[in-house]
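Take a look at the structure set out below.
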Amino acid sequence: MREHREILTNIKSDLLSLCMDSMNQKNCYDEYVLLIQNSLKQYFDIEKCCFLLFECESSKPCHIKSSFEIDFNDFHWSNFWTEASSGKLIEVPRFLSGKKEFNEFSHILSLKTESLSINCIMVLDATPKWMAFSQSEYFQYFVDIISKILNAFYKNIEILENEGQYRKLYNMTDLFHSTMDIDLILENVLTTIQDNFPNFNVELILSNDQDRQTKVQIKPFDYLSERPSAIEAFVSGKITIDQVPELNRCLLNAPIKGRQAIYGILQVSAPIGYVFSKTQEDFIRMLAHASGNALENAKLYHQSHRLISDLQLINETSHRLNMKLESKEMFMFLHKQLMKSFQPMELCFVLKNDSELELVEGSTALFDTEEGSLFINHVSRHFENSQEPLFIADCSRLIRKELQYNSMMAIPMIVEQRINGFSIVLHRDSYFFSFDSFKLMQSLIHHSSLAIANSILRNKLQEMVDHDHLTKLHARSFLDKFVENSLNHDSAGMFLLIDIDNFKQVNDTYGHQVGDEVLVQIGNQLKKVIGTRGICARWGGEELAIYIPNILADEVEKIASQIVLSIPEATNPTVTVSAGLITWNANERPKFHQFFLHADTALYNAKSTGKNKFSIFNESMLLQQ
């Protein structure tokens with residue numbers, strides 16, 4: 001008895017010395033356990049001993065303090081605790097004795113202390129000294145002391161680890177409050193997790209509306225492909241833990257949560273069967289929460305700058321489009337704005353004219369190909385039944401074909417509740433465009449739609465003003481401006497004023513409808529002869545005209561003669577024409593108000609001298625009138 005009391009006193013002395021000398025020196029639980037193992041060897045000749053450390057919430061060891069590898073995957077720990085929780089020394093249970101790892105051990109001892117959260121199992125090969133001591137009245141006291149000292153050591157290590165973790169968390173939070181750099185925030189989240197859990201894998205899964213330009217490697221959050229536990233964490237805002245046998249991993253999903261929203265998931269991957277402690281969960285939760293607030297602040301900061309930039313862009317676009325530009329200039333300007341703002345790889349503008357689709361200037365070459373037509377047709381079918389814009393992150397899922405381009409935004413051009421067309425932007429990467437980009441493009445197209453429609457309407461009205469509705473030749477007003485400009489800027493020109501001979505007789509004989517058809521036939525023949533060299537116009541009534549700038553002198557009479565000779569062959573009923581011709585060059589530049597008078601004088605001469613001919617103006621004709 002006395003011997004056992006002395007052993008207990010010596011062990012207490014060793015433990016006290018251990019507490020005094022080692023608390024500030026040892027920095028891991030293994031080192032404390034090793035010192036206890038040395039005391040057991042010294043006083044009880046125990047050579048083989050190991051400790052299994054448990055936390056109350058777990059059903060398997062979260063740390064294994066042993067000099068050998070033990071596979072615990074097949075152990076039934078409920079049976080183990082039934083036999084080991086008595087607090088007494090017992091032989092190795094039958095279900096453990098069959099394991100080769102436990103062949104060298106004879107007894108186990110539970111060091112559980114009810115008031116503490118840490119449980120420890122000591123597995124050892126008992127010696128005669130140990131067995132004798134276990135029968136003494138001092139053994140239970142020894143068990144209590146060892147249990148408490150191990151818990152004290154564990155708590156001390158936990159405090160030191162927590163201090164280090166929270167110091168890092170404080171430093172990181174301090175950094176978060178001093179920066180609006182999203183890359184720096186995400187990098188520090190990953191670095192802090194890796195420093196504290198070096199044996200785990202960490203992944204940032206961010207929602208689709210995050211900035212795609214970040215340099216940090218992230219994974220987009222996809223409801224269709226994420227595991228249910230990750231979706232639950234994202235939706236509920238609470239940590240979830242998922243044991244995944246097919247990946248042989250244990251996944252902890254911590255929501256990256258700010259005050260306004262949840263921005264993604266911080267996913268920590270540990271080996272299958274690993275049990276995260278409450279302390280670890282709390283640390284990861286606080287880290288994810290701090291990063292969520294920092295990400296939100298940075299996002300709001302960048303969003304405010306982006307909104308200012310977006311408003312400036314919309315204002316600039318609206319101002320430019322209200323300058324009465326031609327529709328072609330508008331589309332080219334919009335092309336530039338969309339390319340600058342969204343960095344698409346391809347874009348197009350499509351106008352609807354009844355059931356016809358017209359691809360207009362400003363569109364990239366892709367949309368003239370078969371693949372481009374797939375996108376146009378898909379968007380067109382959508383807008384037949386809806387006016388809602390399209391925002392698609394992965395087109396291959398929707399169109400069901402292998403495509404080069406996966407991200408698409410398509411915005412309708414709506415004027416007075418009617419879709420006049422639409423714009424499409426594409427990028428090869430899935431989830432490339434953010435939701436903010438989608439809203440900005442809606443604003444740009446919305447502000448542009450009315451200006452584009454007005455420009456197209458102005459063009460149509462101008463077309464009507466500049467052309468005769470019957471013959472589709474240019475109108476007299478357009479001809480006047482064209483000639484006046486040519487007299488000021490060109491080096492030469494010819495003007496031929498044409499009158500249909502005996503046109504009243506055609507109307508009286510065949511009717512005015514046939515007379516109109518004759519006018520159309522003559523107009524078509526004039527355009528056929530002149531082509532793009534000059535313009536053809538209806539002067540008024542049965543009079544027509546042509547004007548060709550910069551024509552060579554030896555070509556003038558050939559063209560005039562060709563026109564007069566070709567009219568009878570091009571008309572049904574056949575008619576002839578008379579014409580007055582006037583030419584000029586840089587040395588003899590006529591005045592605009594005299595120009596048409598001279599042509600009319602030459603026409604009068606052709607009429608009065610036989611018709612079905614042309615006369616070239618000369619000054620003597622003025623004397624004959």
Side-chain angles (χ1 to χ4, degrees), residues 1-54 61-70 80-81 83-93 96-97 99-158 160:
M1 288 290 184
R2 183 176 178 180
E3 179 187 359
H4 291 157
R5 185 173 64 222
E6 288 178 357
I7 289 175
L8 181 59
T9 302
N10 290 335
I11 289 176
K12 288 170 66 178
S13 175
D14 287 350
L15 292 176
L16 179 60
S17 298
L18 177 61
C19 291
M20 301 274 300
D21 300 334
S22 303
M23 278 292 213
N24 295 325
Q25 299 174 11
K26 307 302 176 186
N27 52 20
C28 73
Y29 198 77
D30 297 33
E31 296 182 41
Y32 294 124
V33 171
L34 181 60
L35 293 174
I36 295 175
Q37 287 176 328
N38 289 337
S39 293
L40 294 175
K41 180 178 180 181
Q42 179 181 352
Y43 298 112
F44 302 111
D45 300 331
I46 294 177
E47 296 286 346
K48 297 174 182 176
C49 173
C50 74
F51 292 82
L52 305 180
L53 185 66
F54 295 79
C62 53
H63 299 284
I64 301 174
K65 310 304 173 186
S66 173
S67 59
F68 53 87
E69 295 290 331
I70 300 178
F80 180 79
W81 283 113
E83 299 191 41
S85 61
S86 62
K88 294 183 179 180
L89 184 68
I90 62 173
E91 292 184 359
V92 173
L96 287 180
S97 60
K99 299 286 184 180
K100 64 179 181 178
E101 294 92 347
F102 288 88
N103 288 343
E104 298 179 342
F105 299 99
S106 62
H107 291 76
I108 62 174
L109 175 63
S110 171
L111 301 178
K112 179 180 178 182
T113 303
E114 295 295 336
S115 60
L116 298 173
S117 62
I118 303 303
N119 299 326
C120 186
I121 300 297
M122 184 169 68
V123 186
L124 71 157
D125 185 19
T127 63
K129 284 186 179 181
W130 173 260
M131 294 306 295
F133 180 67
S134 69
Q135 300 300 317
S136 71
E137 60 182 301
Y138 301 105
F139 182 72
Q140 190 58 48
Y141 187 43
F142 165 81
V143 171
D144 291 342
I145 292 173
I146 291 292
S147 297
K148 290 178 180 179
I149 203 71
L150 285 173
N151 276 282
F153 289 161
Y154 182 85
K155 287 296 182 183
N156 185 60
I157 292 298
E158 187 178 49
L160 291 174

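Taking CZ from Phe133 and CE from Met131, the interatomic distance works out to 12.5 Å, rounded to the nearest 0.5 Å. In this structure, CG on Leu109 lies 7.5 Å from CZ on Phe142, to the nearest 0.5 angstrom. To the nearest 0.5 angstrom, Leu89 atom CG is 5.0 Å from Phe139 atom CZ.
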List the atom pairs, with distances to 0.1 Å, where a side-chain N or O of residues 43-52 and a protein N or O form a donor-acceptor pair under 3.5 Å, not counting sequence neighbours.
residue: Tyr43; atom: OH; partner: Asp14; partner atom: OD2; Å: 2.8

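Checked against salt bridge (Lys or Arg N to Asp or Glu O under 4.0 Å), Asp125 has no partners two or more places apart in sequence or in another chain.
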Take Leu40 and Thr127 through the side-chain contact (heavy atoms from CB on, under 4.5 Å) test and state the conclusion after the steps. CA-CA 11 Å; Leu40 294 175; Thr127 63; over 6 Å; no
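Among all heavy-atom pairs drawn from Ala126 and Ser106, the shortest one is N-OG, 2.8 Å.
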